[in-house]
Amino acid sequence: MKYRTHTCGQLRSEDVSTPVTLSGWVHARRDHGGLIFIDLRDRYGKTQIIFDESVNADAFAAAKSLGSEDVVTVDGDVVARPDEMVNANLPTGAIDVQCRELRVLSPAETTPFVITDRDSASEELRLTYRYLELRTDELQSNMMTRSKAYQSVRQYFHDLDFIEVETPVLMKSTPEGARDYLVPSRIHQGRFYALPQSPQIYKQLLMIAGYDRYFQIVKCFRDEDLRADRQPEFTQIDVEMSFVDEEDIYAVVEGLLRRLFQEFLGASLPDPFPRLTYAEAMERFGSDRPDLRFGLELQELASHVQKSDFNAFKSVLDGGGRVKGLVVPGGAAYSRKMIDELTAWIKQYHKAKGLAWMKVTSDALEGGISKFFSGDTQADIINDLGAGEGDLIFMVGDETKVALPALGALRVELAAREGLIPEGDLRPLWVTDFPLVEYDAEARRHVAVHHPFTAPNEEDLALLGTPEAKNIRSRGYDVVINGYEVAGGSIRIHSREVQQQVFDLLGIGSAEAEAKFGFLLKALRYGAPPHGGIALGFDRLVMLLVGTRQIRDVIAFPKTTSASSLMDGAPANVSDEQLRELGIALRTGGKA
RNA sequence: GGGACCGUAGUUCAGUUUGGUUAGAACGCCGGCCUGUCAAGCCGGAGGUCGCCGGUUCGAUCCCGGUCGGUCCCGCCA
């Protein structure tokens with residue numbers, strides 16, 4: 001039995017009078033009494049099938065009872081449509097297939113939602129029936145883009161002589177970083193594998209093994225809370241290279257991204273990508289992943305505040321904090337209610353103590369905290385900030401690590417509200433010179449900003465082991481596009497001594513380091529080349545390629561915000577027998 | 001761990017402000033008519049434990065408490 005000679009997206013005017021067989025899903029049925037149309041759909045497209053009572057009564061009778069999403073095979077002949085019936089919206093819109101014989105392969109029950117319209121059902125329902133949602137044009141298109149992107153990435157790295165190596169999914173739990181997903185061992189009861197947060201250590205060991213250009217498209221797992229752009233299992237393009245410095249990595253990554261965005265969007269990314277240090281990104285944008293598609297940059301207000309009578313801000317400056325602001329064009333029209341809402345928002349979500357504001361008139365400031373500034377200072381502020389009549393100045397004064405991120409969040413929020421974000425733009429950049437460590441109040445020690453194997457900046461190397469070590473810059477770098485962190489990496493430590501010093505800085509004692517990373521420290525003794533690498537978030541790249549803000553739109557079977565799969569019910573309880581085999585007794589019995 | 005919003009026919013929503021007899025609409029589904037539609041059209045019909053549990057009340061979809069589920073955000077995500 002032959003199911004198809006062509007796909008449902010294939011036939012054109014040139015095929016008229018060809019006998020064909022098509023198989024697919026009944027997308028829609030339009031019954032005109034003596035004439036029935038169905039749109040037959042597969043992943044290649046749709047073709048209209050005609051059943052004409054006067055041409056073939058048997059097929060016509062069979063078509064009477066067809067329902068949406070039935071799977072059928074149609075034998076028939078390609079016929080041209082009358083000129084005025086051509087559907088210009090469909091690639092196959094110039095022809096019909098006149099049905100000779102209809103075979104119903106698999107009738108479908110009424111679906112819980114209509115396949116033609118993804119918006120017609122809640123996400124909850126669509127996730128429960130994900131295999132139905134995957135039939136929609138939008139998701140099929142997304143998944144095909146994803147598939148082509150895999151191929152493009154592989155081709156790129158193979159052409160550059162990279163070797164693709166699979167690393168273990170069952171590995172040893174590493175204490176730093178995200179929470180691990182654990183897998184119990186049956187053979188070694190009471191012991192656990194961890195799923196990789198990334199193949200970080202393996203790829204470094206591959207460098208030591210001499211595989212000097214490695215890449216892998218690899219699943220990673222992090223047991224942390226989800227977001228619109230974060231799933232517990234996600235895919236990285238993992239890259240590592242030996243005998244390289246930052247510039248070599250930048251060149252390879254920029255080449256890949258330029259290729260992908262050119263191929264899928266016809267977009268030419270800048271060459272080279274602009275670069276910002278972490279410090280500059282924080283000062284100007286209040287974020288280490290700035291969205292460069294719009295302005296609203298953070299501006300310094302310290303000198304003006306010093307000349308004011310606003311003691312709240314002056315004491316912030318005296319205490320070593322910062323006062324910065326941003327100018328909202330036309331913001332003077334904001335109502336008091338809107339400003340109050342923004343104030344509540346920034347206090348609740350971004351820990352700022354408040355949000356000060358002043359409106360700009362022709363030559364002075366008014367409202368808000370303007371009364372604390374003299375006329376001359378007001379003029380200086382307007383001039384200095386490049387503000388104009390009708391603008392609004394927002395200000396935050398706080399300790400540095402609150403003030404800058406709060407204003408950064410405000411910047412993004414205001415740009416969205418004001419429609420200042422040009423959606424078609426793509427603005428990539430490198431962010432460099434991250435701090436090597438930051439203080440973790442909860443753990444009461446310094447932790448790695450990137451990871452513990454990141455090399456310190458050469459210029460700051462002398463500070464290792466001194467009290468100034470907390471200010472050391474790292475050789476880490478991120479790629480940011482439109483506010484999304486799409487890649488992150490670093491030049492790694494290849495010296496056992498430096499690695500030991502960094503562990504010391506992180507409060508990881510030699511015994512602990514030996515127990516947890518002994519195999520890496522040992523490997524570093526046997527001839528470790530200088531090396532570095534990067535990992536690109538593949539899902540986020542595909543999001544940009546298809547133009548969605550939701551990571552679930554580019555993953556075939558995603559999890560909900562609470563990390564469960566509505567379709568298959570994972571995670572689920574397991575039998576006592578399974579637990580017994582693993583030597584596991586539940587402490588609380590779990591939630592039934 | 002915290003905050004906000006949401007949960008009512010198969011589906012998307014309205015209704016709840018001010019508790020009260022038959023809870024509506026559209027789409028889908030079923031039946032009928034219809035030979036050029038392509039989201040076909042017209043006529044008719046069926047379809048509801050108002051997420052779940054408890055409380056208040058003569059009476060709860062509506063008010064209160066809890067709980068489950070979904071979405072977004074803060075924390076978290078080396």
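Below, read A as the first sequence line, B as the second, and so on, with proteins coming before strands; counting in each chain starts at 1.
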Taking any strand in view, what nucleotide pairs with C5(B) in a Watson-Crick or G-U wobble way, both distances under 3.5 Å?
G70(B)
Under a 4.0 Å threshold between the charged nitrogen and the carboxylate oxygen, would D39(A) count as salt-bridged to R41(A)?
no
Which of residues 476-495 of chain A have a heavy atom under 4.0 Å from RNA chain B?
none
Strictly below 4.0 Å, N to O, side chains only: are E423(A) and R549(A) in salt-bridge contact?
no
Enumerate the residue pairs fulfilling side-chain hydrogen bond (donor to acceptor under 3.5 Å, both in side chains) with a member in residues 400-413 of chain A, sequence neighbours excluded, ordered by first and then second residue.
E413(A)-R417(A)
Nucleotide N/O to protein N/O under 3.5 Å, stretch nucleotides 49-51 of chain B:
none

Atom CH2 of residue position W430(A) - does it have more than 12 heavy atoms of other residues, nucleotides or ligands inside 6.0 Å?
yes
Taking side-chain hydrogen bond (donor to acceptor under 3.5 Å, both in side chains) as the cut-off, I'd like each qualifying pair that reaches into residues 342-351 of chain A, sequence neighbours left out, listed once.
none
Taking only N/O atoms, report every protein-nucleotides 72-74 of chain B pair under 3.5 Å with atom names and distance.
from   : atom 1 : to      : atom 2 : distance (Å)
C72(B) : OP1    : Q550(A) : NE2    : 3.2
C72(B) : OP1    : R552(A) : NH1    : 3.3
C72(B) : OP1    : R552(A) : NH2    : 2.9
C72(B) : OP2    : R552(A) : NH1    : 3.4
C72(B) : OP2    : T561(A) : OG1    : 3.2
C73(B) : OP2    : A228(A) : N      : 3.1
C74(B) : OP2    : R227(A) : NE     : 3.0

Annotated protein contacts, base or backbone, on nucleotides 37-42 of chain B with a non-hydrogen cut-off under 4.0 Å, one of B, S, - each:
BB-B--
Quick note, ring-ring contact (aromatic ring centres under 6.0 Å, His included) partners involving residues 30-58 of chain A, not counting sequence neighbours, are H32(A)-F37(A)
T110(A) side chain: which of U71(B), C77(B), C29(B) is closest?
C29(B)
From K559(A) atom NZ to L127(A) atom CG, the distance as rounded to the nearest 0.5 Å
10.5 Å
Kindly list each side-chain donor-acceptor pair under 3.5 angstrom involving residues 214-222 of chain A, sequence neighbours excluded, with atom names and distances?
from    : atom 1 : to      : atom 2 : distance (Å)
Y214(A) : OH     : Q216(A) : NE2    : 2.7
Y214(A) : OH     : D238(A) : OD2    : 2.8
Q216(A) : OE1    : T167(A) : N      : 3.2
Q216(A) : NE2    : V165(A) : O      : 3.2
Q216(A) : NE2    : T167(A) : OG1    : 3.1
K219(A) : NZ     : E233(A) : OE1    : 2.9
R222(A) : NE     : Q197(A) : O      : 3.3
R222(A) : NH2    : Q197(A) : O      : 3.2

Enclosure of R289(A) CZ (heavy-atom neighbours >12, cutoff 6.0 Å):
no
Watson-Crick or G-U wobble partner for C62(B), using a 3.5 Å limit on both distances?
none
Decide, yes or no, whether a salt bridge links R130(A) with D568(A) under the criterion of side-chain N to carboxylate O below 4.0 Å.
no
Grab the CD1-C1' distance between I38(A) and G36(B) for me, whole Å please.
16 Å
Any N or O donor-acceptor pair under 3.5 Å from the base of C77(B) to the side chain of R230(A)?
yes
Using the C1' atom as the point on both nucleotides, what is the distance between U8(B) and U12(B), in whole Å?
12 Å
What are the two closest heavy atoms between K324(A) and L407(A), and how far apart are they?
O-CD1, 3.2 Å
Which letters describe nucleotides 5-11 of chain B, given B = protein heavy atom under 4.0 Å from base, S = only from sugar-phosphate, - = neither?
-----SS
Looking at every strand, decide which applies to S198(A) at a 4.0 Å heavy-atom threshold: base, sugar-phosphate, or nothing.
base
Listed partners of D340(A) passing side-chain hydrogen bond (donor to acceptor under 3.5 Å, both in side chains), at least two apart
R336(A)
For S474(A), what residues pass the side-chain hydrogen bond (donor to acceptor under 3.5 Å, both in side chains) criterion, not counting sequence neighbours?
none
Of residues 132-142 of chain A, the positions that come close to RNA chain B - non-hydrogen atoms, cut-off under 4.0 Å:
none
Exercise: do D96(A) and Q48(A) side chains pair donor with acceptor under 3.5 Å:
yes
